[in-house]
Amino acid sequence: MIGVLASGEGTNLQALLDAELPVLAVASDRHGTAALERAGTRGVATAMFAGDSFPDRSERDGAMADWLQARGVQLVVLAGYMQLLTPGFLDRFAGRVVNVHPSLLPAFPGLHAVERALAAGVAVTGATVHLVDEGVDTGPILVQERVAVLPGDTPQGLHRRIKRIEHRLLPGAVRNLLTDRAAA
Ligand code: GRF
């Protein structure tokens, strides 16, 4: 059973929902995100864990882990979640947190990966799905795919093409993890 954390537009969440993966719960750190609306439309449980509602990040992450586990979530997918998770959260879902990132990791980890790839003048960037550890986009890579940078590309246009790849890679990787767990 899957819990998704998302801060933004939620197109990767949408890809998981469209793939009919068992998404049970969606949490965000931001009010009024499209991701929460997409989940609500499908009748999936949603919750908001805003930073300013908690004394610190580990309290926030603890409350979020409680909420996810109370709903039976076993696998957590970060689908455009713009916060770093604290070690306490990662311990509670050890080896069971997945992230999608818009570059060919280990190139361009962290924020603004698409803009930085363009600024660096690379000919090829891509999308990566990986397991999350305590570093910034450093965990074991599950799958990645190349995306060519085109002449005159804008960050928006390039990111749109990368997301199209993400929308295929992420549901596939999540489905494989669920199958592996079921077989274990
Ligand atoms: C994606 O490009 C993902 O790789 C990055 O944030 C973006 C989220 O997009 N971590 P969306 O909210 O799923 O549309």
Side-chain angles (χ1 to χ4, degrees), residues 1-50 61 63-85 89-90 92-105 113-114 125-133 137 139-147 156-184:
M1 299 299 120
I2 302 168
V4 177
L5 307 186
S7 305
E9 203 187 341
T11 63
N12 279 286
L13 164 65
Q14 190 68 51
L16 295 171
L17 293 169
D18 291 346
E20 297 188 352
L21 287 160
V23 176
L24 286 187
V26 175
S28 183
D29 56 320
R30 297 189 188 160
H31 288 284
T33 58
L36 288 182
E37 277 173 37
R38 290 174 194 271
T41 303
R42 293 285 182 107
V44 175
T46 60
M48 247 279 307
F49 296 88
D61 284 3
M64 202 159 61
D66 289 345
W67 184 79
L68 292 167
Q69 285 184 331
R71 270 150 197 82
V73 166
Q74 290 150 341
L75 181 68
V76 177
V77 179
L78 310 185
Y81 185 61
M82 302 309 284
Q83 304 287 329
L84 275 184
L85 291 166
F89 184 101
L90 293 174
R92 287 175 66 176
F93 291 97
R96 293 181 288 132
V97 183
V98 178
N99 183 42
V100 56
H101 184 78
S103 77
L104 283 182
L105 291 173
V114 179
T125 182
T128 303
V129 179
H130 66 98
L131 292 175
V132 174
D133 63 12
D137 302 319
I141 291 171
L142 297 173
V143 59
Q144 56 188 175
E145 194 168 309
R146 295 153 66 95
V147 174
Q156 295 76 12
L158 179 56
H159 201 172
R160 207 173 307 121
R161 293 205 310 286
I162 292 172
K163 280 195 184 189
R164 253 184 247 142
I165 304 300
E166 293 180 349
H167 298 162
R168 177 163 46 75
L169 293 191
L170 182 63
V174 167
R175 197 181 296 285
N176 286 343
L177 285 173
L178 291 179
T179 309
D180 291 350
R181 285 183 61 77

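Put simply, the side chain of Thr11 reaches to within 4.5 Å of the side chain of Arg38, judged on heavy atoms. Between Phe93 and Leu85 there is no side-chain heavy-atom pair separated by less than 4.5 Å. With a 4.5 Å cut-off on side-chain heavy atoms, Ile2 and Leu178 count as touching. In this structure, His159 and Val147 have side chains that are not in contact, with every pair of non-hydrogen atoms separated by 4.5 Å or more. Inter-residue side-chain proximity for Arg175 and Glu20 is flagged as unmet; no heavy-atom pair is nearer than 4.5 Å. Contact annotation: the side chain of Leu5 approaches that of Val76 to within less than 4.5 Å [non-hydrogen atoms, C-beta and beyond]. Residues Val98 and Leu131 have side chains in contact (heavy-atom distance under 4.5 Å, counting atoms from C-beta outward). With a 4.5 Å cut-off on side-chain heavy atoms, Met1 and Leu75 do not count as touching.
Rounded to the nearest 0.5 angstrom, Lys163 NZ and Ile165 CD1 are separated by 13.5 Å. Note: Gln14 CD to Glu37 CD = 11.5 Å, rounded to the nearest 0.5 Å. Atoms OG1 and CG, on Thr41 and Leu36 in that order, are 10.5 Å from each other to the nearest 0.5 Å. The CE atom of Met82 sits 6.5 Å away from the CZ atom of Arg30 when rounded to the nearest 0.5 Å. Put simply, CG on Leu13 and CG on Leu17 are 4.5 Å apart, with the number rounded to the nearest 0.5 Å. Distance check, rounded to the nearest 0.5 Å: CG of Asp137 to NE2 of His101 gives 4.5 Å.
Residues satisfying the side-chain contact (heavy atoms from CB on, under 4.5 Å) test with Arg160, not counting sequence neighbours, are Gln156.
When all heavy atoms of Asp61 and Leu84 are compared, the closest pair comes out as OD2-O, 4.2 Å. Residues Ala45 and Trp67 come closest through the heavy atom pair O-CH2, 3.7 Å. When all heavy atoms are compared, the tightest approach of Ile162 to Gly126 is CG2-O, 3.5 Å. Listed here is the closest heavy atom pair of Ala127 and Leu169: O-CD1, 3.8 Å. The two residues Asp18 and Arg42 have their closest heavy-atom pair at OD1-NH2, 2.6 Å. Pairing each heavy atom of Ala79 with each of Val4, the nearest pair is CB-CG1, 3.8 Å.
Within the structure, side-chain hydrogen bond (donor to acceptor under 3.5 Å, both in side chains) contacts touching residues 69-83 (residues at least two apart or in different chains) are Asp29-Gln83, Arg60-Gln83, Gln69-Arg92.
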Please report the C-alpha distance between Asp133 and Leu90 in whole Å, then the side-chain angles of each, then the deciding distance to 0.1 Å, and finally whether the side chain to side chain contact (heavy atoms under 4.5 Å, CB included) criterion is met.
CA-CA 7 Å; Asp133 63 12; Leu90 293 174; 5.9 Å; no

Tell me, with the steps shown, if Val114 and Thr125 meet side chain to side chain contact (heavy atoms under 4.5 Å, CB included).
CA-CA 8 Å; Val114 179; Thr125 182; over 6 Å; no

Verify side chain to side chain contact (heavy atoms under 4.5 Å, CB included) between Gln144 and Val129, making sure each step is shown before the conclusion.
CA-CA 6 Å; Gln144 56 188 175; Val129 179; over 6 Å; no

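Not a single donor-acceptor pair under 3.5 Å links the side chain of Ser103 to the backbone N or O of Ala113.
At most 12 non-hydrogen atoms from other residues, nucleotides or ligands lie less than 6.0 angstrom from CZ of Arg146.
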